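Below you'll find the structure, written out as C-alpha cells, and then a few comments.
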Amino acid sequence: MAELVELPSRLGILPFRNKVLLPGAIIRIRCTSPSSVKLVEQELWQREEKGLIGVLPVRDTEAAAVGSMLSPGVGNDSGERSLKGPADVLGDSQKQDGKNQQELIHWHNRGVAARALHLSRGVEKPSGRVTYIVVLEGLCRFSVQELSARGNYYIARISHLDMTKAELEQAEQDPDLILLSRQFKATAMELISVLEQKQKTVGRTKVLLETVPVHRLADIFVASFEISFEEQLSMLDSIDLKVRLSKATELVDRHLQMRAIKEELGDNDDDEDDIAALERKMQSAGMPPNIWKHAQRELRRLRKMQPQQPGYSSSCVYLELLADLPWQKVSEEHVLDLRAAKERLDHDHYGLVKIKQRIIEYLAVRKLKPDARGPVLCFVGPPGVGKTSLASSIAAALNRKFVRISLGGVKDEADIRGHRRTYIGSMPGRLIDGLKRVAVNNPVMLLDEIDKTGSDVRGDPASALLEVLDPEQNKTFNDHYLNVPFDLSKVIFVATANRIQPIPPPLLDRMEVIELPGYTPEEKLKIAMKHLIPRVLDQHGLSSEFLQIPEAMVKIIIQRYTREAGVRNLERNLAALARAAAVKVAEQERAVQLTRDVHPMTSSILDTRLADAAEVEMEVIPMGVNRQEISNAFSSTSVLVVDEAMLEKVLGPPRFDGREAAERVATPGVSVGLVWTSFGGEVQFVEATAMVGKGDLHLTGQLGDIIKESAQIALTWVRARAADLKLSAAGGVNLLENRDIHIHFPAGAVPKDGPSAGVTLVTSLVSLFSQRKVRADTAMTGEMTLRGLVLPVGGIKDKVLAAHRYGINRVILPERNLKDLAEVPSAILAGIEVVDELIKRLLLKRSGRKGGGNSKENLVM
Ligand code: ADP
C-alpha cells in the first residue's frame, strides 16, 4: 500500500494515454501491444522479486511535426527540467503504427511507480499471441530524468519525488499543514456521509480515513473522481503536501457541491436509473403472478421514498433478491445416460464400488420416474473420504448445477429460514441464498455437515430442515426474509455428515444413509496416483512432464506426514509439492504458458478502490508473435522428480514415525485405546498416575460425563479386584491406600466422551498398580460394567483402520464385536491380530498366576 517505497534508479515505462494513475489508485490493464507485453513480461512476470514499473501519462495531440518530447508538469511547483525524448525510440514505434504518423506525443515528465497486485498471462488461440492482464497499484511519484529504449519499450532514469520519512515527520509539524489536513478530513467526512446513504461500501472508506496518512488519502479520493486529464495531471504534479491537500479539498468540495445542486434540482438521475434498471431486471425474472404483484407493491413503495430515507436501501436489496432468484430458470436436464454416469463416477472416484452402485440405482429410479420422491442420500463418514465430490459427480451426471450449503455450526433457525425484514441487518436463509448464487431452481444442493446443526433458544434448525426435505411442504418453502413462498421441489438434496448419532431422528428418517469408511493406506496410494496427483498437477498448471511424484514418495507422505481416515491432508501435501515445483519451473523457464493466476491478489484495505478502477485496454500494435519461440521456451524445462530430500524441504521433517506408541507406553500406567471421533477412528492414550492423597480420583483431558463415569467404574473395579489381581503389594508399596489417582486423556484440548474407553482405563490402572508396562503393539476398546462385563461398542471398522495407521498390529475387542470385523478390508485384517475380550481375560489370568506381583515384564493384554 502506501508505505515509503525504495525506488530503483531506472524503471520500465508504461505509457498511459490521456490518463493518470495516482498513488493509492488501482487499475486493471489488459496489455496486448507487443511493447506493453514485453514490458510486463520482462519487468514484472519474469522477476523473482516483486518488480516495479513506472506509469507515465502521455498526451497525444494531432500535429504536423513528428517527434516526442517530455512536457513539464502542469502545476509546476518544483523546478524540473523539460527533456527531449529519444527520437529514435519513438521513430521505432511509429514505424509499427502507421496510423500515428502525424502524432506528436507529449510525455509528461512525472509519473507514478506501480507494483502489480495481480498478473495473469494468456495465450490467444490460434494466433498464439501473448497477452497480460495486470492489476496495478500506484505507489509513489517520480520524475523522469531521461528516457531511453530497451528493446521495444521505454525505460527511464528517474528520481524520487516523495518526501523521506524524516522530511515527512518534520512537515507534519507545520501548523499550516495541520490546518489543511483538518479541512480536508472534514470535507472528506462530509462526502462520506452523503455517500453513506447510497452505498454499502463506505464503511470501509471510513476506515481509510482513520488509518491512511492524509496526503495519501488526498490522492486516493481524487483518483476516484471523474475529473479531466488536466486536473489529474495537476494532482500528480502537486508534490508539495500543502498544495496537494488544498487541491484535493477543493476537488472534494466541488464534488459535494455538484451533488447538492443535483439534489436541489431534483435531478436524481442515478437513483432513477437504478430503479428503472431494477424494474427491468424484475420483469425478466419470471416471477409467478402473485409474487410479481407483491414485488410491484414493494417497488411502488420504493419509488415514493427518498434515497436518504431509512428503509430505502433495504428495500432495494430485497427487490434485487427477488429479481435475482431463479423463479423459472432451470438447468436443462437431458435424458440420463446411466452408462455415462457410471463412467463419470468411476473416472472421479477410485474404489467405493458399493457406494457407486447405490448412486447408479438412485439415478436409475430418477430416470424412470423423474418426479419420484426418493429418499435424500446422506453420505456419512470422516472428512476427506469423498462425500462432497460424490455429490458433485451426481450433479454432473444429471447435468445439473451444484451448490453446497454449509450447515456446520448452524444453531439458529434463522440461518435456514432467514430473518424477518423488520430485523436490522436481516438476511435470507442459507437455502435461498444458495439458490440465488446458483441461479437455477433445480440444482443438486448439498446440505453439508447436517450432523453439526444444533438447537438452542434461537429455535431448531432441524425442524426447518425437515420442512425443506419434505416433498409435501417444500413446494411452498417460506423464508422469513423473502416472505413469499419459493418452490424447492425441483431441488435434488444430498446431505453429508461425519456421524449419524447427532442427526435428529425425524431428519434421519427422511434420508438414506450411505456410509463411507476411511481408506486403507493401499487405497490412499491408488487414489493419489490415479486421481489426486493428476488433479493437483492440473490445478497448478503443471503436467507429468514437469513434475513426477513416484509411488515410493507418496507412500512416505501417507505414512509419515498424514494420519487421517480420508485423503484431504494427503491432497494438501501433494499440492504443497506442486507449488514448490511450479516455482522451480517458473524459475527455469524464460516464459511459461500459464493461463492461471500466479500472483495472488494481495489483500488491501483499499479494495473499494478496485471496484471503481476502470479496465483500460492498452493500444494494440500488430506484430508477429513467433509461436515457435514460445513453444521452445516451454520444452526447455527438465522434469523434476520428487525425492526424500525434496519431501523434507517442502513438507518439513516427518510428523509421524510409528515409534510413538512405544515411546508413550514406556512407563507403567499408560495404555493404548481406540476411539471413534468425527474424524474417523483414532488412537487414544490413557495415562494414570498415583500420588500421596486421600484416595480421590482426578480426571483431566476435557472429559464428558460418560467417560468420567467410566473412569470411576474402572477404578472401583480395579480396587475391588486388587487382591485377585495381586496389585496391592506391587513394588512393596501399597498403591491403593492413601493415594490419589490422576487419569489424563491427551490431547488435553480435544473434548472426549463415550463409554468405549472402559477397558483401556482398567488396563491403565492395572498397569499402574502392578508397575508393569503395557505392550506398545496392542490397542483396545470396550465398555466395562461395574461387574467387569465388557459390552460391545461402535465404530469397530474405523478403529481397526486407525490402529493400522498407527502401526499397531494387535487389537483387543469385545467378543460381541467380532462380527463387525467382516467390514474391515481383508488386506488390513491380514496384518492385524485380533484378540477378543474372552481370550484377553484368559491371558490376564494366566499372566497373573505366572508373573506374580513383582514381575516387571510387560502386561500381556
Ligand atoms: P469430504 O466431503 O468427505 O470431506 P471431499 O469430497 O472433499 O471429502 O474429498 C477430498 C478430496 O479427496 C477431494 O479432492 C476428492 O476428490 C478426493 N477423494 C476422496 N475420495 C476419493 C476417491 N475414492 N477417489 C478419488 N478421489 C477421492
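No hydrogens, no waters, no symmetry mates; every other heavy atom, side chains included, goes into these values. For ligands, and for the atoms within them, numbers begin at 1 and follow the listed sequence. This is a predicted model, so every value here is computed, not measured.
Here P428 pairs with L321, I432, D479, Y481 under the side-chain contact (heavy atoms from CB on, under 4.5 Å) rule; sequence neighbours left out.
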Next on the checklist: Using the rule given for salt bridge (charged side-chain N to carboxylate O under 4.0 Å, His left out), can you reason through E564 versus R805, listing the C-alpha separation, both sets of side-chain angles and the distance that settles it, and then say yes or no?
Outcome noted: CA-CA 8 Å; E564 53 176 351; R805 277 203 299 281; over 6 Å; no
Next on the checklist: With side-chain contact (heavy atoms from CB on, under 4.5 Å) as the criterion, how do Y350 and L525 come out once you've worked through the C-alpha distance, each side chain's angles and the decisive distance to 0.1 Å?
Outcome noted: CA-CA 10 Å; Y350 170 82; L525 181 65; over 6 Å; no
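Residue pairs that meet the salt bridge (charged side-chain N to carboxylate O under 4.0 Å, His left out) test with at least one member in residues 383-400, sequence neighbours left out, are E333-R400. Applying the side-chain hydrogen bond (donor to acceptor under 3.5 Å, both in side chains) rule to pairs touching residues 571-583 yields N569-R572, sequence neighbours excluded.
Under 4.0 Å from any atom of ligand 1, one finds heavy atoms of residues D348, H349, Y350, L352, P382, P383, G384, V385, G386, K387, T388, S389, Y519, I527, H531, L532, R535, V567, R568, E571.
Under the side chain to side chain contact (heavy atoms under 4.5 Å, CB included) rule, T760 has a single partner from V675, V686, L674, which is V686.
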